[in-house]
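Data block below; observations after.
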Protein chains: 2
Amino acid sequence: MEERLNRVKQQLQQSSYKLTPQREATLRVLIENEKDHLSAEDVYLKVKDKAPEIGLATVYRTLELLAELKVVDKINFGDGVSRFDLRKEGAKHFHHHLVCMECGKVEEIEEDLLPKVEEKVEHDFNFRITDHRLTFHGVCSDCQSKGK
Amino acid sequence: MEERLNRVKQQLQQSSYKLTPQREATLRVLIENEKDHLSAEDVYLKVKDKAPEIGLATVYRTLELLAELKVVDKINFGDGVSRFDLRKEGAKHFHHHLVCMECGKVEEIEEDLLPKVEEKVEHDFNFRITDHRLTFHGVCSDCQSKGK
DNA sequence: GTTACTGCAAATAATTTGCAGAACT
DNA sequence: AGTTCTGCAAATTATTTGCAGTAAC
């Protein structure tokens with residue numbers, strides 16, 4: 001946790017940004033809820049528990065900043081809300097998601113499934129890929145067994 | 001064009017919906033701009049040219065209805081706007097997109113690149129896939145040559 | 001001391017909803 | 001007649017921005 005914060009701190013300072021208490025609190029929430037896919041509002045509420053004086057606008061600004069630095073990825077599952085997902089340290093690409101259409105659960109796939117596909121796309125379309133978003137919609141295993 | 005409208009009309013009627021003049025005008029705009037990725041507002045403006053009395057709320061309601069029937073797919077490229085993309089007739093899955101981070105251009109990939117990946121995911125995660133969203137971020141060939 | 005950062009409130013933007021009337025079956 | 005559909009205006013929701021004060025280097 002602490003090492004991770006420090007690395008982000010260095011990243012911030014390299015771009016002459018500061019790791020303020022508000023930003024630190026926001027980062028801690030993101031790290032503690034790494035497996036979730038929190039909206040800005042969700043993050044705000046959790047940060048407020050620790051630092052009640054923080055404003056929602058600051059959370060938005062911090063999340064935007066972290067997205068710029070590629071510390072988090074911003075993703076949208078189709079409800080009108082942006083969600084923020086901590087990027088695995090050192091990961092070149094954003095991980096993939098499985099969204100269950102029945103219960104809404106979101107699972108993560110860490111393994112990069114796309115290298116071959118990306119090779120083909122870069123070649124066929126002469127497009128230099130820097131990142132991707134891959135989300136599968138379907139029915140999770142729990143809902144499959146329930147649904148019978 | 002007309003056959004295509006008729007097929008959607010039948011789809012609507014199967015679910016006891018009607019193909020009203022407003023819905024038809026909206027569909028025509030979508031078909032005429034098949035290669036674009038129009039927002040609800042974009043669609044509204046284009047429909048208004050033909051049928052000035054139509055309301056924005058009706059366009060939203062129509063697009064939502066068409067998404068439900070899988071005539072269009074709703075997609076979000078990260079700006080805060082939903083875009084609506086006509087699904088190729090008979091296509092089982094949503095096609096893929098290349099979004100250029102420099103100029104914002106969006107290209108489509110019709111070929112389904114994911115059957116092998118999906119097989120693996122269904123097996124490894126016991127997840128029944130019904131659809132997917134795959135978008136690549138990067139630099140298109142035009143911007144690559146300009147950028148030199 | 002200067003520049004970056006924050007909280008608050010107000011502004012903006014996208015989308016949804018309530019409702020009374022119109023249209024289709 | 002009964003239901004579905006529409007336009008309008010108002011409401012809601014998510015996000016952004018202006019600004020005056022605060023904190024960090």
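This one's a predicted model, so the numbers in the text were calculated from it and none came from an experiment. Letters A, B, ... mirror the listed sequences (proteins, then strands); counts begin at 1.
For B:E53, there are no side-chain hydrogen bond (donor to acceptor under 3.5 Å, both in side chains) partners, not counting sequence neighbours. In this structure B:E32 satisfies the side-chain contact (heavy atoms from CB on, under 4.5 Å) test together with B:M1, B:R28, B:K50, sequence neighbours excluded. Under the rule for a side-chain hydrogen bond (donor to acceptor under 3.5 Å, both in side chains), A:R128 has no partner lying at least two apart in sequence or in another chain. Residues meeting the side-chain contact (heavy atoms from CB on, under 4.5 Å) test with B:T58, sequence neighbours left out: B:Q22, B:I54, B:R61, B:T62. Listed by chain and residue number, B:R83 satisfy the salt bridge (charged side-chain N to carboxylate O under 4.0 Å, His left out) test with B:D42 (two or more places apart in sequence, or in another chain). Partners of A:L98 according to the side-chain contact (heavy atoms from CB on, under 4.5 Å) rule, which considers only residues two or more places apart in sequence or in another chain, are A:E107, A:I109, A:F136, B:V121, B:F125, B:F127.
Remark: B:H93 NE2 to B:L113 CG distance equals 12.0 Å, nearest 0.5 Å. Annotation: the span from B:L114 atom CG to A:L134 atom CG amounts to 6.0 Å, rounded to 0.5 Å. The structure places CD of A:E34 at 5.0 Å from CG of A:L86, a figure rounded to the nearest 0.5 Å.
By the 4.0 Å N-to-carboxylate-O rule, A:R87 lies close enough to A:D131 to be salt-bridged with it.
Spacing between atom NZ of B:K74 and atom P of C:dA14 amounts to 14 Å, rounded to whole angstrom units.
Of the residues in residues 6-26 of chain A, A:Y17, A:K18, A:T20, A:Q22, A:R23 come within less than 4.0 Å of DNA chain C through at least one heavy atom, sorted by number. Of the residues in residues 57-68 of chain A, those lying under 4.0 Å from DNA chain C by heavy-atom distance are A:A57, A:T58, A:R61. Across residues 34-52 of chain B, not one residue has a non-hydrogen atom less than 4.0 Å from an atom of DNA chain C.
Within the helix from C:dG1-D:dC25 to C:dT25-D:dA1, the inter-axis angle between the opening and closing five-pair segments is 30°, rounded to 10°.
B:H96 and B:E110 form no side-chain donor-acceptor contact under 3.5 Å, judged by distance and modelled atom types alone.
On the nucleic acid side, DNA chain D has its first and last nucleotide under 4.0 Å of a heavy atom of chain A at D:dA14 to D:dG18, going 5' to 3'.
Side chain of B:Q11 to main chain of B:L69: a donor-acceptor pair is present (N/O by atom type, distance under 3.5 Å, no hydrogens or angles).
Within a 6.0 Å sphere centred on NZ of A:K9, other residues, nucleotides and ligands contribute 12 heavy atoms or fewer.
With A:D85 as the partner, the side-chain hydrogen bond (donor to acceptor under 3.5 Å, both in side chains) test is satisfied by one option alone out of A:H97, A:K35, A:K74: A:H97.
When hydrophobic residues (I, L, V, M, F, W, Y) are linked wherever their side-chain heavy atoms come within less than 4.5 Å, A:V81 remains an isolated member.
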